[in-house]
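Given the structure is predicted, the values throughout are model-derived calculations rather than measurements. Values below: every heavy atom of this structure, side chains too, minus hydrogens, waters and symmetry copies.
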Amino acid sequence: MMRWANPLRVLGRPLLLGCNALRARWLEWPKLSRIVLMLLFALAYAPHLWQVTYMLNRGFYFGEVLAQIVVAFLVVLLPLLILPVRVWLLVEGLVLLLFPLELTSWLTLREPLSYSVYCAVRRTTFHEASSQLMAFLIPAVLFVGLMVAYFVLTFRHAPRGFALRWRQRLVGLAIFAVLFVATPILAVRPVVNGDGLLYWAYHYREAYRHLSMATFPLDVVSHTMRYQEEMRAAEAVFAMRGQPPMEDLQKPTDTVPTLGILVIGETSRACNWSLAGYARDTNPRLSKRSDLHFFTDVYSGANNTINAVPMLLSTATPEAKDRWMHEPFVTEVLAAAGYRVTWVTLQGEGEVWLSALLKSCDSKHIVTSTVFDASPMDGTLIRYVDEFLSENEGRNALLVLHTMGGHFQYTDRYPVQEAHFQPEMSRDYKRWLRMLNSGMREELVNSFDNTVRYTDKVLDSVIRRLESAHRSAFMLYVADHGENLYDAPDVGVLHASAKPSHYEAHVPYLVWLSPEYRRRHPERDATLLAHRASRVQSTCTFHTLLGLAGVRYAGYDAQQSLVDTAFRPATMRPVLGNGGEVVTEPPYPTDGTCACGAR
């Protein structure tokens, strides 16, 4: 025992003296300064309480929660070992300015900031950002008020010129280093029959990685570095991509030209389409059509636009989301086969994959609004359908319409006269005074259902114009992903959650064929009819479009084409989750909230 006495005394005595010295200097400050300092520290630590509360509510192991609390304290206090108190508080204030990134995920999805949500924030448009902000105006105003108070108190009452002595800093850094190394051990759940050192080494590494990724602002820094790296890599691939090979390309053999329209829906879920069995009449026009093929059991490949849309237009899948970098988009294949391709979007053109895709388009229209106006409604796309029909007499052509669909704010997506279900979300300034919460579910659902009815009207208008052209034509509609509407206690609102729910994955999918098309290709019509109730993943869209257009090449997979008799229903339908992880197919709800029922 005596061997340990001297080392403990050597380490303990300076630490005790240092603590006494700090306490003496602390008591020298005015009482107001001490109160202000404690208040500012509480504000700097407050963001970490969201993570701790989340872990407690989700039943995390107690050691994991304790480790998160300790790491959060270390992250907040570490700069104090290097900087004077006043500068430390200013640095913490600047760090707090990043918290709205985290807050976006907490308020909408009730979960920590994931990489996918971070990407969505980085790539969002002004109108999407303002809509999200206004949905949580009260927290936004409170945050601004707290930040103003934070900096005012820092400048007026924080002690000036106080910094730890160099010995205190060295001892503190040593203690912090030990804690940083030792704390992940708390997060490792002990087991009776573990694999000894190997078990602890593996789970220690995982705990260390999780604590680093889950702690603000380390998660923001990590996401930023990953985002920049991926953007550089994507841009490098884009610069070298050129024209991907399309071996054994077979052009259409039909002597009569075909017109095709692909409508990419934004944020719509099959659970709220009456065509899928929803009790409300959200498809009053399309439901009257007997020439429509609606597929009731279709899952998206991802629960966010950034990843889901490339999976519709290329051979990319949840397991291989970047396959578009090396293989062609459907527009490139069709263009090479002689189709004239037109792209019209309400969502801008900032994505790297879209830049690659647009190179194959004969014409493009990026439909935007002024800074202070809401995004144009989907009905504005109809005039481009008229132009498409008039410009493509006697030739094969494809029109792609990328809509705004049911993207939040819902009431910005349809005219006031189309507000069939009431009460809807407020359209005037009052909506900015209410924060989204589960108590608003009736208004949210009504407004969302109104977006579905408006989509129904727009799609019916597209079909009517194709009908009046008396051409061999088809229209395919598919939503990129679904939406959460506080459907269950553990389900938040909007989309892009870390673990995709059924409501985010289950999407509407339909194909319409003109009478002229059906007469020329009755086998395709019959095949679509046979597959209406099949298990489908929307990643089949690439192959289905080629099948409808009568185009083949070496990359065409008949087993994934809904118009091919070789089609095979999907056995497993994984969904690409946030952070790039592939999540097992979300199960159907058993509480009746999806009329399609469990399959």
Side-chain angles (χ1 to χ4, degrees), residues 54-55 57-61 64 105 108-120 189 202-203 206 209-210 213-214 267-271 276 295-312 315-323 478-485 487-509 533-542 557 559-560 567-599:
Y54 170 81
M55 296 175 73
N57 290 337
R58 291 300 178 97
F60 276 64
Y61 168 57
E64 294 177 285
S105 188
T108 57
L109 304 175
R110 302 176 179 177
E111 62 189 27
L113 178 69
S114 65
Y115 179 65
S116 185
V117 173
Y118 175 87
C119 289
R189 191 186 298 266
Y202 172 78
H203 288 280
E206 289 299 304
R209 186 184 67 85
H210 173 77
M213 291 292 296
T267 316
S268 196
R269 63 188 210 177
C271 303
F295 297 83
T296 57
D297 190 14
V298 181
Y299 267 37
S300 174
N303 64 346
N304 57 76
T305 302
I306 298 169
N307 292 316
V309 175
M311 292 183 198
L312 302 175
T315 56
T317 64
E319 298 90 346
K321 70 180 181 68
D322 294 328
R323 193 175 285 169
V478 55
D480 55 359
H481 55 75
E483 187 86 320
N484 293 312
L485 295 170
D487 301 279
D490 60 340
V491 175
V493 68
L494 308 185
H495 56 269
S497 58
K499 185 178 181 181
S501 69
H502 168 80
Y503 311 101
E504 295 172 88
H506 189 196
V507 294
Y509 198 110
S534 297
R535 286 170 52 87
V536 177
Q537 187 147 31
S538 62
T539 50
C540 74
T541 301
F542 173 89
D557 186 352
Q559 294 188 355
Q560 294 191 60
F567 173 78
R568 294 292 179 268
T571 53
M572 295 300 296
R573 297 178 294 186
V575 181
L576 184 64
N578 290 327
E581 70 278 11
V582 178
V583 180
T584 305
E585 174 182 331
Y588 271 77
T590 58
D591 58 0
T593 50
C594 182
C596 296
R599 297 179 185 276

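When all heavy atoms of Val478 and Ser538 are compared, the closest pair comes out as CG2-CB, 4.0 Å. Shortest non-hydrogen contact noted between Ala276 and Ala270 is CB-O, 3.3 Å. Closest non-hydrogen pair, Pro586 versus Ala505, comes out as CG-CB, 4.2 Å. Pairing each heavy atom of Arg573 with each of Tyr588, the nearest pair is NH2-CE1, 4.2 Å. Here the shortest heavy-atom pairing between His506 and Asp297 reads NE2-CA, 4.1 Å. Considering every non-hydrogen atom in both Pro318 and Leu576, the closest pair reads O-CD1, 3.6 Å.
The line from OG1 of Thr317 to CZ of Arg323 is 4.5 Å long, rounded to the nearest 0.5 Å. In this structure, CE in Met311 is found 12.0 Å from NE2 in His481, a value given to the nearest 0.5 Å. Note that CG of Asn304 and NE2 of His495 are 7.0 Å apart. Values are rounded to the nearest 0.5 Å. Here Leu312 contributes atom CG and Thr539 contributes atom OG1; the two are 8.5 Å apart, rounded to the nearest 0.5 Å.
With hydrogens and angles ignored, the 3.5 Å screen pairs no side-chain donor or acceptor of His502 with any backbone N or O of Glu585. One N or O on the side chain of Gln537 and one on the backbone of Ser300 form a donor-acceptor pair closer than 3.5 Å. Not one N or O on the side chain of Glu483 forms a donor-acceptor pair closer than 3.5 Å with the backbone of Tyr503. No donor-acceptor pair under 3.5 Å is formed between the side chain of Arg535 and the backbone N or O of Pro569. A donor-acceptor pair under 3.5 Å links the side-chain atoms of Ser105 to the main chain of Pro112, judged by distance alone. A donor-acceptor distance shorter than 3.5 angstrom exists from the side chain of Asp480 to the backbone of Thr267, with no hydrogens or angles considered. Asn303 places a side-chain N or O within 3.5 Å of a backbone atom of Ser497 that can act as its donor or acceptor partner.
With a 4.5 Å cut-off on side-chain heavy atoms, Glu504 and Val575 do not count as touching.
Shown here are the ring-ring contact (aromatic ring centres under 6.0 Å, His included) partners of Phe295, two or more places apart in sequence or in another chain: Tyr509.
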